Amino acid sequence: MSEPVLAETAAPAGMLADLRAGLSLPQKELPPKYFYDVRGSELFEEITRLPEYYLTRTERGLLERWMPEWAAALRPRALVELGAGSAVKTRIVLDAMAEAGAAEVYVPVDVSAEFLADTAARLQAEYPSLRVVPAVADISEEFELPGGLPGPMLVAFLGSTIGNFAPAGAAALLRQVRGAMQPGDRFLMGVDLRKDPARIEAAYNDSRGVTAEFNRNMLRVLNREAGADFDADAFEHRAFYDPAEHRIEMHLVAPGAQTVRVPGVGEVRLAAGESIRTEISCKHDRASVAVLFAAAGLAVERWQTDDEGLYALVLGAPAE
Ligand code: SAH
Ligand code: AVI
């Protein structure tokens, strides 16, 4: 039998660069955007319905409570949503905009192209008079918000996805958003708040193991798209709260010493028990959001939390 031929580098240049950089760090790490192929996006949807994952249902309650009032005051004609995913909660925003008599254009932005196309098609069918213009973009890099939208524009970033960015990356992202905003535009953000670490840890270690599957899905994406040979099933899920950094860290732990082949990167050695960090999920409070906004030229205009203080819905305006 002849030697197996290693797969040619199938990975896009950006993925290869991320693999090269991330897997050569002392603490190996990979960007969370690689969770979200169609399967990963579906697993995330399943996470949002888990009893332990309080974030989505709490944000939904806040949107239902506050969007009618906020949309009536702002009357946004265009909604741009970063990391839109399935846009389930977006319907609350769009309904409030329609009620205020102003919904004209919806631009869902996401890195997960196939899932985004499905989302856009569903929304277009549900809102026939709305112009739905999906945009595939990686918001962790420089990206263009579509120009020429009718104002005022509301830019939404829901789900506490801001938490998946370290402070410098989060500020860079918000600066880009601010750069695309006119004085009457607003930025709507959902953010998970600092609280009892046990409550947060439970949300990332669900009893049904959906989060573990979501975590391992990244290795399946990399096997398929970069021709890597991670034994995805063998990696263990670990998620813990770091109180000093106010963040969850999610890791995949190699159970035994192993060598993974990644075309274009080479052989990657993992010691027994060594981990790859796949995600951070930063938790905020009002002060940390104000700092983040200020660094991007935004000011907190409205701040509302649920009764338990688990989660906040924030409206940001361009700072003077
Ligand atoms: N907004 C939805 C989905 C949150 S899940 C909600 O609140 O439930 C995070 C979403 O962000 C996913 O749809 C994922 O594909 C997208 N995403 C993650 N990293 C991204 C990146 N770098 N650029 C663009 N979209 C990204
Ligand atoms: C999308 N993002 C805000 C989720 C979070 O909570 O950080 C992703 C996630 N990771 C594990 N569970 C959910």
Side-chain angles (χ1 to χ4, degrees), residues 14-15 18 30-50 52-60 62-63 79-93 107-120 134-143 145 155-166 169-170 172-173 176-177 188-193 200-206 208-218 221 237-241 247-252 277-284 310-311 313:
M15 182 181 276
D18 288 338
L30 292 167
K33 66 186 173 193
Y34 296 128
F35 287 132
Y36 296 98
D37 63 348
V38 170
R39 173 82 182 128
S41 299
E42 287 168 354
L43 282 165
F44 176 73
E45 288 308 302
E46 216 176 315
I47 288 173
T48 64
R49 294 189 288 270
L50 292 168
E52 296 96 334
Y53 199 76
Y54 58 85
L55 290 78
T56 308
R57 61 174 178 276
T58 311
E59 184 178 65
R60 183 182 305 116
L62 286 165
L63 288 167
L79 173 65
V80 175
E81 184 178 17
L82 307 177
S86 69
V88 172
K89 287 165 282 146
T90 311
R91 287 157 174 87
I92 304 167
V93 183
V107 182
V109 179
D110 209 289
V111 74
S112 186
E114 215 180 318
F115 200 73
L116 176 67
D118 280 359
T119 295
V136 178
D138 180 351
I139 59 170
S140 63
E141 306 282 342
E142 272 188 34
F143 64 99
L145 285 182
V155 181
F157 195 26
L158 301 177
S160 199
T161 305
I162 189 72
N164 300 137
F165 291 76
L173 166 56
Q176 291 199 72
V177 170
L188 173 71
M189 187 175 83
V191 64
D192 194 21
L193 298 179
I200 303 178
E201 283 186 343
Y204 293 82
N205 291 285
D206 67 276
R208 287 175 44 204
V210 183
T211 310
E213 266 317 293
F214 172 74
N215 199 0
R216 284 191 278 265
N217 190 61
M218 183 184 288
V221 169
H237 165 74
R238 181 187 298 157
F240 60 88
Y241 190 69
R247 70 186 192 191
I248 281 282
E249 288 199 9
M250 222 157 74
H251 292 246
L252 285 164
R277 186 168 59 209
T278 50
E279 184 180 65
I280 58 168
S281 195
C282 301
K283 307 305 171 188
H284 285 278
L310 300 176
Y311 200 92
L313 197 59

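One is the number of the first residue; the rest follow in order along the sequence. None of these values were measured; they are calculated from a predicted model. Every number for a ligand or one of its atoms is a count from 1 in the order of the listing.
Listed here is the closest heavy atom pair of Tyr204 and Glu279: CE2-OE1, 4.4 Å. Pairing each heavy atom of Ala87 with each of Thr119, the nearest pair is CB-CG2, 3.6 Å. Across all non-hydrogen atoms, the minimal contact from His237 to Asn215 is ND1-ND2, 3.0 Å. Closest of all the heavy-atom pairs between Asn205 and Ala239 is ND2-O, 3.1 Å.
The closest approach between any non-hydrogen atom of Tyr53 and ligand 2 is below 4.0 Å. Contact annotation: Gly159 has at least one heavy atom less than 4.0 Å from an atom of ligand 2. Assignment of Thr48 to the shell around ligand 1 is not supported, since no heavy atom sits closer than 4.0 Å.
Interatomic distance, Phe35 CZ to Asn164 CG, rounded to the nearest 0.5 Å: 8.0 Å. In this structure, the separation between OH on Tyr311 and CG on Leu193 is 8.5 Å, given to the nearest 0.5 Å. How far CG of Leu63 is from CG of Leu188: 6.5 Å, rounded to the nearest 0.5 Å. Taken to the nearest 0.5 Å, the CD1 atom of Ile139 stands 5.0 Å off from the CG atom of Leu82. Remark: Thr211 OG1 to Asn217 CG distance equals 12.5 Å, nearest 0.5 Å. Atoms NE2 and CE, from His284 and Met189 in turn, are 6.5 Å apart once rounded to the nearest 0.5 Å.
Numbered from 1 in the order shown, with element, the atoms of ligand 1 that lie under 4.0 Å from a heavy atom of Lys89 read 6 (C), 7 (O), 8 (O). Annotation for ligand 1: atoms under 4.0 Å from non-hydrogen atoms of Lys33 are 19 (N), 22 (N). Close approach of ligand 2 to Ser160 (heavy-atom distance below 4.0 Å) involves ligand atoms 3 (C). Short contacts between ligand 2 and Tyr36, defined as distances under 4.0 Å to a heavy atom of the residue, involve ligand atoms 1 (C), 8 (C). If you number the atoms of ligand 1 from 1 as listed, the ones under 4.0 Å from a heavy atom of Asp138 come out as 21 (C), 22 (N), 23 (N). Close approach of ligand 2 to Tyr204 is summarised as follows: ligand atoms under 4.0 Å from at least one heavy atom of the residue are 5 (C), 6 (O), 7 (O), 10 (N), 11 (C), 12 (N). Within the listing of ligand 1, atoms 15 (O) sit less than 4.0 angstrom from a heavy atom of Ser112. The atoms of ligand 1 that sit less than 4.0 Å from any heavy atom of Thr161 are 4 (C), 9 (C). Within ligand 1, counting atoms from 1 as listed, the ones closer than 4.0 Å to a heavy atom of Gly85 are 13 (O). Applying the 4.0 Å criterion to heavy atoms of Ser281 picks out, from ligand 2, the atoms 5 (C), 6 (O), 7 (O). Under a 4.0 Å criterion applied to the non-hydrogen atoms of Ser140, ligand 1 contributes the atoms 22 (N). With ligand atoms numbered from 1 in the order given, ligand 1 contributes 23 (N), 24 (C) to contacts under 4.0 Å with heavy atoms of Ala137.
Each of Glu213, Glu52, Glu46 was evaluated against Arg208; a single residue qualifies, Glu46, per the salt bridge (charged side-chain N to carboxylate O under 4.0 Å, His left out) test.
Nearest protein heavy-atom contact of atom 2 (N) of ligand 2 is Asn164 OD1, 2.9 Å. Counting protein heavy atoms only, atom 13 (O) of ligand 1 is closest to Asp110 OD2, 2.7 Å. For atom 8 (C) of ligand 2, the closest non-hydrogen atom on the protein side is Glu279 OE2, 3.3 Å. Atom 23 (N) of ligand 1 has Ile139 N, 2.8 Å as its closest protein atom, hydrogens excluded (heavy atom only). Looking at atom 11 (O) of ligand 1, its nearest protein heavy atom turns out to be Gly83 CA, 3.4 Å.
Within a 6.0 Å radius of CZ in Arg238, no more than 12 heavy atoms belonging to other residues, nucleotides or ligands are found.
In this structure a side-chain-to-backbone donor-acceptor pair under 3.5 Å is missing from Asp18 to Leu30.
At a 4.0 Å heavy-atom cut-off, ligand 1 does not touch Glu141 at all. Residue contacts with ligand 2 for Thr161 involve both N, CA, C or O and side-chain atoms from C-beta outward (heavy atoms, distance under 4.0 Å).
For atom 2 (C) of ligand 1, the candidate residues are Gly159, Ala84, Gly40; the nearest heavy-atom contact is made by Ala84. Proximity annotation for atom 5 (S) of ligand 1: of Phe143, Tyr34, Phe35, Phe44, Phe44 comes nearest, heavy atoms only.
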### Message
Before you tell me yes or no, could you show the steps for Tyr34 and Thr278 under side chain to side chain contact (heavy atoms under 4.5 Å, CB included), namely the whole-Å CA-CA distance, both residues' side-chain angles and the distance that decides it to 0.1 Å?
### Response
CA-CA 9 Å; Tyr34 296 128; Thr278 50; over 6 Å; no
#### Entry: Derivation and outcome, side chain to side chain donor-acceptor pair (under 3.5 Å), residues Asp110 and Tyr36
CA-CA 10 Å; Asp110 209 289; Tyr36 296 98; over 6 Å; no
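Residue Phe165 places no N or O, backbone or side chain, under 3.5 Å from any N or O of ligand 1. At least one N or O atom of Val111, backbone or side chain, sits closer than 3.5 Å to an N or O atom of ligand 1.
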